[in-house]
Protein chains: 2
Amino acid sequence: MAENKLTLNLDIRSGLPIYTQIVNQIQSQLVNGIIKPGDQLPTVRALAQDLRVNFNTVARAYRILDEARIISTQQGRGTYITEIPPPEVSERLRRESLEALTQRFINEAFRLRFSEKEVSQMVRDSLKLKKEAAVNDDE
Amino acid sequence: MAENKLTLNLDIRSGLPIYTQIVNQIQSQLVNGIIKPGDQLPTVRALAQDLRVNFNTVARAYRILDEARIISTQQGRGTYITEIPPPEVSERLRRESLEALTQRFINEAFRLRFSEKEVSQMVRDSLKLKKEAAVNDDE
DNA sequence: CTACAATGATACAATTAGTACAATAAAAGG
DNA sequence: CCTTTTATTGTACTAATTGTATCATTGTAG
């Protein structure tokens, strides 16, 4: 199987900082399906060497993508694509993806022998906490 | 009697180190009775091969569980679950493990921009379905 | 000239992998 | 039986890989 090497094209004349170009191009390759959730991105050093830039520049791009929850960077392990933040997908697809996520969660909870009551109560509590935290963040 | 093979699910994108995921999942399965005191865990090498990780990673997880007195590792013999932890400790661990599972689920759902309402509704629906399915299984 | 943003250099920390070893159990030989 | 050998299992130490943090340098707008 051919390893899909990430190919980015930097443009000096664009006037955009390198790290911004990296962010943009990874994002667009993601929405175009060239790279997919679960894929591992090149290491900061590998991509830096490929692009002939300092690896801190790549790290900066990765950090931005990480903060946007688009990728997950893990010290000592690497960086991975998470999932496409649902753009304007159909309502049906949206629902199906939530359904799949929820069923995975519930199956796991039941496998661990938690009761229906425990699960629903914990979901209520956690949502409540989450909402309160969100309110505090807005202040 | 089918040998109760330990089943762990690693998630690359969770951001948690592999050894931590192993620790958490063994702990969950213990407090929920899927594995019991006295049970022998897979050898570090067997579990490592199963999970496709280096055996030192499993060994690290086992060492953490050993230090927490949850398991007993014995060079040349194997690894065994120790005695039942006191009920109140067990109950606390049980709750914590459900809480962690639920928060991972909710964080992921929110990251995908689902609303609190959508999440709680879907959990209700899925639990309802699950219950009905369980009733049918009992017949 | 000054200030600030971008990039580079260097040192660091976390995770996982590689290798050799020690303890125990099981098998083999007598 | 008892001893020796071999296999199995966890341990210790080290190395390699990866991202992070901090500060220095550069270049450019104001």
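Below, chains carry the letters A, B, ... as their sequence lines are ordered, and counting in each starts from 1.
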**Item:** Side-chain donor/acceptor of A:R63 to base of D:dG19, under 3.5 Å
**Value:** no
**Message:** Could you tell me how far apart A:D66 (CG) and D:dG19 (P) are, to the nearest whole angstrom?
**Reply:** 11 Å
**Prompt:** Reckon A:T73 has a side-chain N or O less than 4.0 Å from the OP1 or OP2 of D:dT20?
**Reply:** yes
**Rounded interatomic separation in angstrom, taking CG from B:N54 and P from D:dT17** = 14 Å
**Prompt:** Which distance, rounded to the nearest 0.5 Å, do you find between the CZ of A:F105 and the CZ of B:R104?
**Reply:** 9.5 Å
**Request:** Confirm from the modelled atom types if B:R77 and D:dG10 form a donor-acceptor pair under 3.5 Å, side chain to base only.
**Result:** no
**DNA chain C: 5'-most and 3'-most nucleotides touching chain B, 4.0 angstrom heavy-atom criterion** = C:dT15 to C:dA25
**Asked** Does the side chain of A:L101 reach to within under 4.5 Å of the side chain of B:E108, using non-hydrogen atoms?
**Response** yes
**Prompt:** Taking CZ from B:R45 and C1' from D:dT8, how many angstroms apart are they, rounded to a whole number?
**Reply:** 8 Å
**Fill in**
A:Q49 CD to D:dT17 P, in whole Å, measures 13 Å
**Fill in**
The remaining residues in the hydrophobic cluster of A:Y80, counting side-chain heavy-atom contacts under 4.5 Å among Ile, Leu, Val, Met, Phe, Trp and Tyr, are B:I12
**Prompt:** Just how far, in rounded Å, is P of D:dT11 from CD of B:Q75?
**Reply:** 6 Å
**Separation between NZ of B:K36 and CD of B:Q29, rounded to the nearest 0.5 Å** = 11.0 Å
**Item:** From B:L129 atom CG to A:I106 atom CD1, the distance as rounded to the nearest 0.5 Å
**Value:** 9.0 Å
**Request:** Give the rounded distance in Å between these two atoms: CD1 of B:I12 and P of D:dG19.
**Result:** 13 Å
**Prompt:** How many Å lie between OH on B:Y80 and P on D:dT8, as a whole number?
**Reply:** 15 Å
**Asked** What's the spacing between A:Q49 CD and A:N54 CG if we round to 0.5 Å?
**Response** 12.0 Å
**Prompt:** Nearest to the side chain of A:Y62 - D:dG19, D:dA21, D:dG10?
**Reply:** D:dG19
**Message:** By nearest heavy atom, map A:Q40 and A:N56 onto DNA chain D; which one lands nearer the 5' end?
**Reply:** A:Q40
**Item:** Whole-Å gap separating P (D:dT20) and CD1 (A:I64)
**Value:** 12 Å
**Message:** Under 4.0 Å, counting only non-hydrogen atoms across every strand here, what does A:F55 touch: a base, just sugar-phosphate, or nothing?
**Reply:** base
**Prompt:** Pick from A:V53, A:T79, A:V58: which one makes a side-chain contact (heavy atoms from CB on, under 4.5 Å) with A:L47?
**Reply:** A:V58
